[in-house]
Every structure is written in structure tokens, then in C-alpha cells.
Amino acid sequence: AYERTCRYLARKTNSVVVSVGYRLAPEHPYPTQFEDCLTATVHFMRTAHDYGVDPSRIIVCGDSSGGTLTAAVAQALVKRRDLPKLRAQILIYPYLQCVDFNLPSYQQNEGVPVLLKERTVALGLKYLDKDLSVMEAIFNGCHIPEDLQQKYQKWVSPDYIPHEFKTRGYKPSTTHPLFSKEVYTLVKPMFDTVFSPLLAEDSVIAHLPETFILTCEFDVLRDDGLLYKKRLEDHGIKVTWCHLQEGFHGTV
């Protein structure tokens, strides 16, 4: 599915493009996918000269769940002193957080193909090999303990979404979710930064490379990109942002 896209990128940018064929769930459980991507990236960084590549000009890139993996790999490399620094990361409509599935973009685009709101959560739970019976509780925010709710509030909140993105059918939530310890225990891996890179600590975010983020108006994941953009910019990271007003998830 991606060969033509990769060839196009290589040709148009005069770059060496390495596409990682990471192993897939459920045969290879999470976080095998992240580990494969990190292993491949580290190997390429160490052997870049063999491919005629300047190690100081390596960029990681991915779309959708590949954007999640890209963000997680970039974060994992922040503290590595044995490798060159990444030149940049490119995140194309990435999935980045599991805290709030009622952000404006989730409400506005819940029925927009291909990534319906319900499908997003179902795919996430299948990725972690968890039971889909907890989906409704997750939609209602019952999976987050009070202390984590307060911690994540400063990173994941509709308050940080610019007003122009709230004009199309968004209703702020007025109910207080009833926490379920049982649901939290089941879905705890969701809060891992490999699964939800937006939840990384400030000390990691502050050292990320220059970033390109692409968001689409008709995409449940639009606000994940907007929130990550804000976090990066708050820490002085240069962000190039491209928003496709007519775009939808999978548009690449």
C-alpha cells in the first residue's frame, strides 16, 4: 500500500527513504511494533554512511498509527547520547492520546469515514489485546483516575483547541465521569507514552526535534495534532503546521 508513496517521496525530495516493515498485532503483541521501529531507526542512524546518508539529516515520519510510532521513536531517542540527533519528525494525522475521546474533533467527525470515533477506540483496544466491552466506559471518561485526570488536564483539554475549530457542532461536556478502577486496570497500557505520546513529560517534549504536523479538518484525530503542536511550541520547538481544510483521515 505504501510503496508508491515511498517512491514518490524519495524521488520528489531526493532522499533515501527507509520503510520499516514492523511486525503486526495480534500475532506480535504491543509494543513489538514500537520496538521494531526503534531498532530499525537506531540501526539506520549507526549505518547511515553505508547508504550515502548524512547522519545529521535523518528524519522520522509516519501517518496515523505510524505517526504514533514516529512520535514515540523520537521521544525514545531524546536521551540517547550514543546516536546523532534527529533532524526532524513528520507526523501526518497522528493518534497521540487516550485521555479524551470527546474533544471537538471527535464530536464533529465521529461518523466520518474511514476512521469513525468508535473504530478508533476499537482498534486501540484490539492493538492492546483488550476486551471491547469497555468502549462505552472509555467514551465516558471512566477509565481515568482523579489524580491522572488533573495531571493530564494541562496537556489534553478542549480549552487548548483554537475557537475556530469549535464552531462546527461542538458541545462542551457538563457531566463528571464516574471513575471505574476495573476499567482503568484493564486499559492502563493506554497511558504509556508509546501508546499516547502526548502524555510524555515536559523534560522529554522540550528536547524533541523540529516538527512537521499535518492535520485534516474531517478527522477525529485533528485535535491530537493541534494539542501536540501547542505542547511543542510551548517548549520552543519549531513546528511547521499544515491543515487541510477539506482533508479527511487517510487522505495521503
Side-chain angles (χ1 to χ4, degrees), residues 13 15-18 20 22 30-49 51 53-100 147-148 150-157 159-162 189-215 221-243:
T13 63
S15 303
V16 172
V17 173
V18 179
V20 182
Y22 56 86
Y30 165 90
T32 305
Q33 299 68 31
F34 161 72
E35 289 164 354
D36 283 358
C37 289
L38 182 60
T39 300
T41 305
V42 169
H43 173 74
F44 184 74
M45 292 178 105
R46 285 183 172 147
T47 58
H49 286 303
Y51 301 91
V53 171
D54 177 349
S56 69
R57 297 182 67 189
I58 294 171
I59 298 170
V60 285
C61 169
D63 73 314
S64 194
S65 56
T68 317
L69 291 166
T70 299
V73 165
Q75 290 181 4
L77 294 173
V78 157
K79 294 189 167 70
R80 296 286 293 257
R81 297 288 168 262
D82 57 325
L83 297 167
K85 280 181 75 72
L86 280 175
R87 173 65 186 85
Q89 60 175 342
I90 295 174
L91 310 177
I92 300 169
Y93 37 73
Y95 169 93
L96 297 170
Q97 60 85 30
C98 66
V99 173
D100 192 344
D147 57 333
L148 286 185
Q150 288 176 350
K151 177 182 180 179
Y152 297 146
Q153 192 71 32
K154 61 182 187 284
W155 302 331
V156 184
S157 166
D159 297 346
Y160 303 135
I161 304 298
M190 278 187 153
F191 298 97
D192 180 10
T193 55
V194 166
F195 190 91
S196 296
L198 185 54
L199 307 183
E201 297 295 335
D202 288 342
S203 58
V204 173
I205 299 290
H207 292 96
L208 286 169
E210 185 177 341
T211 303
F212 174 93
I213 297 176
L214 183 134
T215 53
L221 301 184
R222 180 196 70 202
D223 294 350
D224 283 26
L226 295 177
L227 292 171
Y228 207 47
K229 172 181 180 285
K230 181 185 187 304
R231 280 205 74 192
L232 291 163
E233 289 177 337
D234 285 350
H235 287 279
I237 309 298
K238 185 182 175 188
V239 178
T240 302
W241 172 51
C242 173
H243 182 66

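Sequence positions, counted from 1, serve as the residue numbers for this chain.
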Is there a side-chain contact between Leu227 and Ile161 in this structure, where contact means two heavy atoms from C-beta onward sitting under 4.5 Å apart? yes
Separation of Phe212 CZ from Cys242 SG (nearest 0.5 Å): 4.5 Å
For Asp159, does its backbone N or O pair with a side-chain atom of Ser157 as donor and acceptor, under 3.5 Å? yes
Start with the C-alpha distance between Val53 and Phe44, add both sets of side-chain angles, then the distance that settles side-chain contact (heavy atoms from CB on, under 4.5 Å), and finish with yes or no. CA-CA 9 Å; Val53 171; Phe44 184 74; 3.8 Å; yes
State whether the number of non-hydrogen atoms from other residues, nucleotides or ligands found under 6.0 Å of Arg46 atom CZ is greater than 12. yes
Is atom NZ of Lys154 surrounded by more than 12 heavy atoms (other residues, nucleotides or ligands) closer than 6.0 Å? yes
Determine yes or no for a side-chain-to-main-chain donor-acceptor pair under 3.5 angstrom, with Arg231 supplying the side chain and Ala200 the backbone. yes
Is the shortest distance from a Lys or Arg side-chain nitrogen in Asp54 or Arg87 to a carboxylate oxygen in the other one below 4.0 Å? no
For Cys37 versus Leu69, what's the shortest heavy-atom pair and its separation? SG-CD1, 4.0 Å
Look up atom NZ in Lys238 and atom CG in Leu208, then write down how far apart they are to the nearest 0.5 Å. 16.0 Å
Closest heavy-atom pair, Asp36 versus Tyr22, reported as atoms and distance to 0.1 Å, is CB-CB, 3.7 Å
Heavy-atom distance under 4.5 Å between the side chains of Pro55 and Met45, does that happen here? no
What verdict does the side-chain contact (heavy atoms from CB on, under 4.5 Å) test give for Val204 and Asp202, after you've listed the backbone C-alpha separation in whole Å, the side-chain angles of each residue and the deciding distance to 0.1 Å? CA-CA 5 Å; Val204 173; Asp202 288 342; over 6 Å; no
Spacing of Ile58 atom CD1 and Ser15 atom OG [to the nearest 0.5 Å]: 11.5 Å
Should Leu232 and Trp241 count as side-chain neighbours, where that means a heavy-atom distance under 4.5 Å? no
Got a second to check how far Thr211's OG1 is from Lys229's NZ, nearest 0.5 Å? 11.5 Å
Assess the pair Phe195 and Tyr95: is the distance between their ring centroids shorter than 6.0 Å? yes
So do Ile205 and Val78 actually touch side chain to side chain, heavy atoms under 4.5 Å? no
Mark yes or no for whether Asp63, through its side chain, and Ile92, through its backbone, hold a donor-acceptor pair below 3.5 Å. no
Under 4.0 Å between a Lys/Arg side-chain N and an Asp/Glu carboxylate O for Lys151 and Glu201? yes
Could you check if a side-chain atom of Phe34 sits within less than 4.5 angstrom of a side-chain atom of Val73, using non-hydrogen atoms only? yes
Nearest heavy atoms of Met190 and Cys98, plus distance in Å: O-SG, 3.2 Å
Roughly how far, to the nearest 0.5 Å, is the CG atom of Asp192 from the OH atom of Tyr30? 3.5 Å
Closest non-hydrogen contact found for Leu214 with Pro94 is O-CD, 4.2 Å
Minimum heavy-atom separation for Tyr93 and Leu221, please, with both atom names. O-CD1, 3.7 Å
Short question: side chain of Lys79, backbone of Ala76 - any donor-acceptor pair under 3.5 Å? no
Closest non-hydrogen contact found for Ile237 with Pro209 is CG2-O, 3.3 Å
Would a 4.5 Å heavy-atom cut-off, applied to side chains only, mark Arg80 and Leu83 as touching? yes
So do Leu77 and Leu38 actually touch side chain to side chain, heavy atoms under 4.5 Å? yes
Working to the nearest 0.5 Å, report the span between OG1 of Thr70 and CD1 of Ile59. 11.5 Å
Heavy atoms, side chains only, cut-off 4.5 Å: are Tyr228 and Val239 in contact? no
Using a distance-only test with no angle check, is there a side-chain donor-acceptor pair under 3.5 angstrom linking Tyr160 and Asp223? no
Within a radius of less than 6.0 Å around NE2 of His243, do more than 12 heavy atoms belonging to other residues, nucleotides or ligands occur? yes
